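The first residue in the sequence is number 1, and the count goes up from there. The structure displayed is predicted, hence computed values, not measured ones.
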Amino acid sequence: MEHRDKYSVLLPTYNEKDNLPIIIWLLVKAFTESGDDFEIIIIDDGSPDGTLDVAKQLQTIYGNGKIVLRPREKKLGLGTAYIHGIKHATGNFVVIMDADLSHHPKFIKEFIGKQKEKDYDLVSGTRYSGNGGVYGWDLKRKIISRGANYVTQVLLRPGASDLTGSFRLYKKQVLENLVQSCKSKGYVFQMEIIIRARQFGFTIGEVPISFVDRVYGESKLGGNEIFQFAKGLLYLFATT
């Protein structure tokens, strides 16, 4: 009998109590329909809004084999959330995505299909090719995102069309390697992962996705994020 693939979804959360039940329901539905083995690892960073309580309720509904809770005391950043999550992942593949409903779990099936086509090391969801797109963003967000992506393409030639997206499928060992080698945090982290992947010669597949701006809660992209992004971009340009 061949080894069956298992997909560990890493879901970092901070104040997502309204979104969590919906995203979990959609994830369970997507995996149930595709017939793939899965687990969802919720990494809550001490949300004051009671996200963890909601997660516990969801665990009683879906079972602790499917919903794994790995909370942390406080907000410690995306990169460390992934490192923390990977330690607890039992799958041989890892899916990373946002918990705020901007990423629809229905695309995971396409990621898996794409990965199998050429045994890709990682598959990235892209908003900037094929029929991918962004919905619910104002012009400023669109310009910042496209601009960031364009500047990065010019400076780093990464061989992938969407670098700041955070909806991806990785072979677990590949993600472990990449996360260990990444220095940046926050918004730049997603981009650095792709740059490092190119450096290490990992293969990257892409699937067009539609990205929908968050329905509940606050967007995390402010002026400071843009500054950090520019700083991180220059750092990567200088060091890769």
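- For D45 (side chain) and R72 (main-chain N/O), no donor-acceptor pair under 3.5 Å exists by modelled atom type.
- Between F31 and F38, the ring planes are parallel. Angles under 30° get that label, and only those over 60° would be called perpendicular.
- Checked against I96 for a side-chain contact (heavy atoms from CB on, under 4.5 Å), the options L10, V9, L169, L11 give a single hit: L10.
- Looking only at side-chain heavy atoms (C-beta outward), I108 and L27 come within less than 4.5 Å of each other.
- Within 6.0 Å of the NZ atom in K109, the count of heavy atoms belonging to other residues, nucleotides or ligands does not exceed 12.
- Under a 3.5 Å cut-off, the side chain of Q59 and the backbone N or O of N64 do not form any donor-acceptor pair.
- For Q180, the CD atom sits in a packed shell: over 12 heavy atoms of surrounding residues, nucleotides or ligands are nearer than 6.0 Å.
- Residues L58 and W25 have side chains not in contact (no heavy-atom distance under 4.5 Å, counting atoms from C-beta outward).
- Contact detail for E39 and G65: the closest heavy-atom pair is CB-O, 3.9 Å.
- T90 and K6 are linked by a side-chain donor-acceptor pair at a separation below 3.5 angstrom, with hydrogens and angles left out of the test.
- Residues I209 and F111 form a side-chain contact, since some pair of their non-hydrogen atoms from C-beta on lies under 4.5 Å apart.
- Under the 4.0 Å criterion applied to side-chain N and carboxylate O atoms, K114 and E110 are not assigned as salt-bridge partners.
- To the nearest 0.5 angstrom, K17 atom NZ is 10.5 Å from S47 atom OG.
- To the nearest 0.5 Å, the span separating CG on L52 from CD1 on I43 amounts to 12.5 Å.
- Here the CE atom belonging to M97 is positioned 4.0 Å from the CZ atom belonging to F167, to the nearest 0.5 angstrom.
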>> Under the criterion side-chain contact (heavy atoms from CB on, under 4.5 Å), I'd like the reasoning laid out for N177 against F202: C-alpha separation, chi angles, the key distance, then a yes or no.
In response: CA-CA 11 Å; N177 286 353; F202 290 132; 3.9 Å; yes

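- Using a distance-only test at 3.5 Å, with no hydrogens or angles considered, a donor-acceptor pair links the side chain of T203 to the main chain of D121.
- Electrostatic pairing of K171 and D119 counts as a salt bridge here, judged by a charged N lying under 4.0 Å from a carboxylate O.
- At least one side-chain heavy atom of L175 sits under 4.5 Å from a side-chain heavy atom of I193.
- Rounding to the nearest 0.5 Å places CD of Q115 at 15.5 Å from CZ of R168.
- A salt bridge does not link K75 to D44: none of the charged nitrogens lies less than 4.0 Å from a carboxylate oxygen.
- Counting only heavy atoms from C-beta outward, the side chains of H103 and S166 approach each other to under 4.5 Å.
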>> Using the rule given for side-chain contact (heavy atoms from CB on, under 4.5 Å), can you reason through I86 versus K172, listing the C-alpha separation, both sets of side-chain angles and the distance that settles it, and then say yes or no?
In response: CA-CA 8 Å; I86 295 167; K172 186 181 169 186; 4.0 Å; yes

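- The minimum heavy-atom distance linking I41 with G85 is given by the pair CD1-O, 3.8 Å.
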> Checking side-chain contact (heavy atoms from CB on, under 4.5 Å) for the pair Y62/V28: CA distance, chi angles, key distance, verdict?
Replying inline: CA-CA 8 Å; Y62 297 108; V28 172; 3.9 Å; yes

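- Taking CG of D37 as the reference point, atom CZ of R4 lies at 5.0 Å (rounded to 0.5 Å).
- T51 places no side-chain N or O within 3.5 Å of a backbone atom of Y14 that could act as its donor or acceptor partner.
- Listed here is the closest heavy atom pair of I67 and A55: CG2-O, 4.4 Å.
- Side-chain atoms of H84 and P12, non-hydrogen and from C-beta on, never get closer than 4.5 Å to each other.
- If you look at Y7 and F93, their ring centroids are closer than 6.0 Å.
- Side-chain contact of D100 with N19: a donor-acceptor pair under 3.5 Å is absent, judged by distance alone.
- L178 CG to I195 CD1: the interatomic distance, rounded to the nearest 0.5 Å, is 11.5 Å.
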> Can you list the steps and then say if I24 with I42 is a side-chain contact (heavy atoms from CB on, under 4.5 Å)?
Replying inline: CA-CA 10 Å; I24 296 293; I42 300 171; 4.0 Å; yes

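- Side-chain contact, S124 with E206: no donor N or O sits under 3.5 Å from an acceptor N or O.
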